[in-house]
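Presented below is the structure to which this report refers.
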Amino acid sequence: MAFETAPYSSGAEPRIVEALRHGGALAVSLVATSDDGSIVGHAAFSPVRIDHEAGHWYGLGPVSVVPEMQKLGIGRALIREGLSRLAALDADGCVVLGDPAYYGRFGFVSDPALTYGGEASPYLQRLVLRGRSPKGDVRYHPAFELA
Ligand SMILES: CC(C)(COP(=O)(O)OP(=O)(O)OC[C@H]1O[C@@H](n2cnc3c(N)ncnc32)[C@H](O)[C@@H]1OP(=O)(O)O)[C@@H](O)C(=O)NCCC(=O)NCCS
């Protein structure tokens with residue numbers, strides 16, 4: 001698994017995905033498979049709530065690619081496809097908590113108008129799919145409390 005080598009990972013990602021699934025909150029879930037059918041990457045998108053916002057916003061994560069197949073464009077393909085599926089679901093946008101150097105490639109931008117746990121962070125980024133930029137505290141599904 002890709003997360004086994006990530007020092008900031010709690011190892012909870014598979015449990016988070018399972019809890020999202022059980023909670024009916026796995027809005028978009030994509031896997032990448034190798035030629036032999038084994039899963040080499042996964043990206044999940046689940047609804048988030050943003051205080052004071054009535055629109056439909058989603059959070060990207062977890063996303064992972066097995067270490068031996070990283071930097072081959074698999075993560076990019078999973079994220080791009082997921083975002084286009086969110087657009088097809090009439091999503092207003094997507095947030096992500098992660099490295100801006102990576103997620104900026106997809107159009108995610110940090111925005112101090114958004115907070116997580118009441119605090120602004122450069123790692124919290126949003127991508128507006130339609131309408132205006134949101135403002136408020138971002139709350140992920142309770143499944144992420146397993147992290
Ligand atoms: C992050 C991750 C999903 C990216 O998937 P990937 O298939 O390796 O990425 P892509 O091939 O689409 O993109 C590769 C590019 O992104 C860059 N990149 C990959 N991970 C990055 C990171 N954490 N921060 C900044 N840049 C990153 C690579 O250096 C590469 O840059 P280049 O195109 O200039 O060479 C994958 O590396 C991974 O599973 N990492 C471990 C788990 C993780 O950190 N998940 C994200 C937190 S939920």
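For the single chain, residues carry numbers from 1 onward in sequence order. The figures that follow rest on heavy atoms only: side chains count, while hydrogens, waters and symmetry mates do not. Source: prediction; values computed, not measured. Ligands are counted one by one from 1 in listed order, and the atoms in each one are counted from 1 as well.
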Discussion item. List ligand 1 atoms under 4.0 Å from Ser64, heavy atoms only on the residue side.
Written reply: 39 (O)

Worksheet entry | Test item, Gly73 contacting ligand 1 (heavy atom, 4.0 angstrom) | yes

Fill in: Region of Leu72 that comes within reach of ligand 1 [heavy atoms, distance under 4.0 Å]
backbone

Worksheet item: Which residue, Glu53, Lys135, Arg126, forms the side chain to side chain contact (heavy atoms under 4.5 Å, CB included) with Leu114?
Response: Arg126

Item to complete: Would you mind running through ligand 1 and noting each atom that sits below 4.0 Å from a heavy atom of Tyr103?
Response: 46 (C)

Fill in: ILVMFWY network linking Ile39 to Leu26, side-chain heavy atoms under 4.5 angstrom
no

Worksheet, complete the sentence: Residue pairs passing the side-chain hydrogen bond (donor to acceptor under 3.5 Å, both in side chains) test with at least one member in residues 115-124, sequence neighbours excluded, are Thr115-Asp137

Response to the item:
A student comparing Gln70, Met69, Arg105, Glu13 should find that the heavy atom closest to atom 30 (C) of ligand 1 comes from Arg105

Worksheet, complete the sentence: Numbered in order shown, the ligand 1 atoms found under 4.0 Å of a heavy atom of Arg76 are 12 (O)

Item to complete: Under the salt bridge (charged side-chain N to carboxylate O under 4.0 Å, His left out) rule, what do Glu18 and Arg15 come out as? Steps first, then yes or no, please.
Response: CA-CA 5 Å; Glu18 204 47 40; Arg15 281 186 287 131; over 6 Å; no

Fill in: In one Ile/Leu/Val/Met/Phe/Trp/Tyr side-chain cluster, 4.5 Å: Ile79, Val31
no

Practice prompt. Please determine which of Leu127, Val96, Leu86, Val95 meets the side chain to side chain contact (heavy atoms under 4.5 Å, CB included) test together with Tyr58.
Written response: Leu86

Worksheet item: Cluster question for you: counting only ILVMFWY and a side-chain heavy-atom cut-off of under 4.5 Å, with indirect links fine, are Tyr102 and Val40 together?
Response: yes

Response to the item:
The atoms of ligand 1 lying under 4.0 Å from a heavy atom of Asp99, numbered in the order shown, are 24 (N), 25 (C)

Worksheet item: When only distance counts, is Ala101 in polar contact with ligand 1, meaning an N/O pair under 3.5 Å?
Response: no

Item to complete: Have a look at Lys71, His42, Arg80 and point out the one with the heavy atom closest to atom 14 (C) of ligand 1.
Response: Lys71

